[in-house]
Amino acid sequence: LYMQAKNIRKKLFGENHPDYAVSLNNLAYYYMDTEQYDSAELLFTQAGDIMKKTLGEDHPSYGAALNNLSDLYIRTGHYKKAEPGLLRSSKIITESIRNTFTVLSENEKNNYLENNTAVAETSNSFLFRYPQASKEIVINNFNLQLVLKSASLSDTKNMIASLLNSPDSNIRQQFSAWTASRNLLAKQYALPAVNRRKDLADIEKNTETMEKELNLASSDFRNQQTGLQVSAKELQKHLQADEVAIEFVRFRLVQTRGKDSVLYAAYILHKDTAAPDFIPLCEERELQNIFDSAGRTATGMVSKLYRGLD
């Protein structure tokens, strides 16, 4: 069926089309799951090349294609080959969230996050399986975790209501103009690079100027934007010398065979370290066993979860 779908799309759209690349990707996943790794690598690579050529190297679909190929390399133990794709894909997804997230509805936000968590999961799996990973990829994935969490917690609805109902007519007008410009940019970014407007750079520059003006005029808008810009470097500025920031993550560990495990880990960021420490903690089923054996009382739960307490 995957082969039939690929052939139909090839006939309808040709080989240089994103939909044809999607069929290559689907077939590649079948090959990967059935351990036909050479065939999977070839198709994942072809799909990525098509996405890059037709949509552009900053498009989320190209980021997803890079992540898929990195997933294959992790499963087969080729960690050094996986790292460049993971770095690039996480940067693409992070920038995409910052560019488009504030103009999405709540349902669109949820769908967007569900469709873009795979990059974070693949990167966490990479760090779990390859402790020798570069500091750059640890920082990159930590920043992606922060942006994803900030996005999931951002209160876009109330921010929009606050600005549209502002007693200051200039703020209302500025926000309406900025929203229209952001929507236009979001639609342009979704197009293949060759089909985007020629004046896209001017629109981006104008939108950035409006954003700066809104940041000065509205604390609600400024807080929303600041949350999506959070990073390890920004966190370190606010840490005291004797403090650390701990970011817990839950992720599916990609594996070659058998059922994928769900793991917990933590990123620990110190004030002056070059990169966070990535610390694997436990499997979800191990944690569930503790919950199940602790009984129904709060005292029983605490004594099971925390050592050294009477």
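Note that the coordinates shown come from a computational prediction; the quantities given were computed from them, not determined experimentally.
Within a 6.0 Å sphere centred on OH of Tyr30, other residues, nucleotides and ligands contribute 12 heavy atoms or fewer. A 6.0 Å sphere centred on CZ of Arg172 holds more than 12 heavy atoms belonging to other residues, nucleotides or ligands. When the shell of 6.0 Å around CG of Asp199 is examined, it contains more than 12 heavy atoms from other residues, nucleotides or ligands. More than 12 heavy atoms of other residues, nucleotides or ligands lie within 6.0 Å of CG in Leu12, so this atom counts as buried by the packing criterion.
Between Asn140 atom CG and Ser90 atom OG the span is 3.5 Å, to the nearest 0.5 Å. Here Arg129 contributes atom CZ and Ile74 contributes atom CD1; the two are 8.5 Å apart, rounded to the nearest 0.5 Å. Rounded to the nearest 0.5 Å, atoms OG (Ser70) and CD (Glu83) are 9.5 Å apart. Expressed to the nearest 0.5 Å, how far CD1 of Ile171 lies from CD of Gln174 amounts to 7.0 Å. Rounding to the nearest 0.5 Å gives a distance of 10.0 Å between CG of Leu263 and CD of Glu121. In this structure, CG in Leu253 is found 13.0 Å from CD in Glu284, a value given to the nearest 0.5 Å.
Contact check for Arg88 versus Lys91: side-chain heavy atoms found under the 4.5 Å cut-off. Thr76 has its side chain out of reach of Lys81: every pair of non-hydrogen atoms, C-beta onward, lies at least 4.5 Å apart. Between Tyr62 and Leu55 the shortest side-chain heavy-atom distance does not fall below 4.5 Å. In this structure, Pro276 and Ile139 have side chains that are in contact, with non-hydrogen atoms separated by less than 4.5 Å. Counting heavy atoms from C-beta on, the side chains of Thr54 and His17 never come closer than 4.5 Å. Counting heavy atoms from C-beta outward, Asn124 and Tyr267 have side chains that approach closer than 4.5 Å. By the 4.5 Å heavy-atom criterion applied to side chains, Ile93 and Asn67 are not counted as neighbours. Looking at Gln236 and Asp272, their side chains never come closer than 4.5 Å, going by heavy atoms from C-beta outward.
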From CA spacing to verdict: side-chain contact (heavy atoms from CB on, under 4.5 Å), Ile92, His59
CA-CA 7 Å; Ile92 291 171; His59 197 280; over 6 Å; no
Between Phe142 and Leu235, is a side-chain contact (heavy atoms from CB on, under 4.5 Å) present by the stated rule, with each step listed?
CA-CA 11 Å; Phe142 180 74; Leu235 277 181; 3.9 Å; yes
Pair Leu200, Leu185 - check side-chain contact (heavy atoms from CB on, under 4.5 Å), show working.
CA-CA 8 Å; Leu200 187 61; Leu185 286 175; 3.5 Å; yes
side-chain contact (heavy atoms from CB on, under 4.5 Å) evaluation trace for Leu42 with Asp38:
CA-CA 6 Å; Leu42 176 63; Asp38 290 342; over 6 Å; no
Kindly determine whether Lys237 and Glu234 satisfy salt bridge (Lys or Arg N to Asp or Glu O under 4.0 Å), including the steps that lead there.
CA-CA 5 Å; Lys237 291 179 182 179; Glu234 287 298 314; 3.1 Å; yes
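Note on Tyr2: it does not cluster hydrophobically with Leu69, by side-chain heavy-atom contacts below 4.5 Å among ILVMFWY residues. Under the 4.5 Å side-chain heavy-atom criterion for grouping Ile, Leu, Val, Met, Phe, Trp and Tyr, Val244 is connected to Phe248 within one hydrophobic cluster. Cluster annotation: Met3 and Leu24 are assigned to the same hydrophobic cluster (Ile/Leu/Val/Met/Phe/Trp/Tyr, side-chain heavy-atom contacts under 4.5 Å, transitive). Connection of Phe175 to Met210 is established within a shared hydrophobic cluster, with ILVMFWY side chains joined at heavy-atom distances below 4.5 Å, either directly or through further cluster members. Met32 is not connected to Val22 by any chain of hydrophobic side-chain contacts under 4.5 Å among Ile, Leu, Val, Met, Phe, Trp and Tyr, and they are in different clusters.
Pairing each heavy atom of Ala232 with each of Asn143, the nearest pair is N-OD1, 2.7 Å. The shortest non-hydrogen separation linking Leu127 to Ala133 is CD2-CB, 3.7 Å. Residue Gln145 comes nearest to Ala120 through the heavy atom pair NE2-CB, 3.6 Å, listed as atom of the first residue, atom of the second, then distance. Across Ala28 and Ala40, no two heavy atoms sit closer than the pair O-CB, 3.5 Å. Scanning all heavy atoms of the two residues, the minimum distance from Gly14 to Tyr20 falls at O-CB, 3.6 Å. When all heavy atoms of Ser89 and Leu86 are compared, the pair lying nearest together is OG-O, 3.1 Å.
For Tyr73 and Glu41, the side-chain atoms include at least one donor-acceptor pair closer than 3.5 Å.
Within the 3.5 Å criterion, the main-chain N or O of Leu269 finds no donor-acceptor partner in the side chain of Thr273. Remark: the backbone N or O of Val119 is paired with a side-chain donor or acceptor of Ser123 at under 3.5 angstrom. Checked by atom type and distance alone, the side chain of Lys271 pairs as donor or acceptor with a backbone atom of Leu239 at under 3.5 Å. For the pair Asn25 (side chain) and Ala47 (backbone), a donor-acceptor distance under 3.5 Å is absent. Remark: the backbone N or O of Arg197 is paired with a side-chain donor or acceptor of Gln188 at under 3.5 angstrom.
Between Tyr130 and Phe126, the angle of the ring planes lies from 30° to 60°, which puts this pair in the tilted group.
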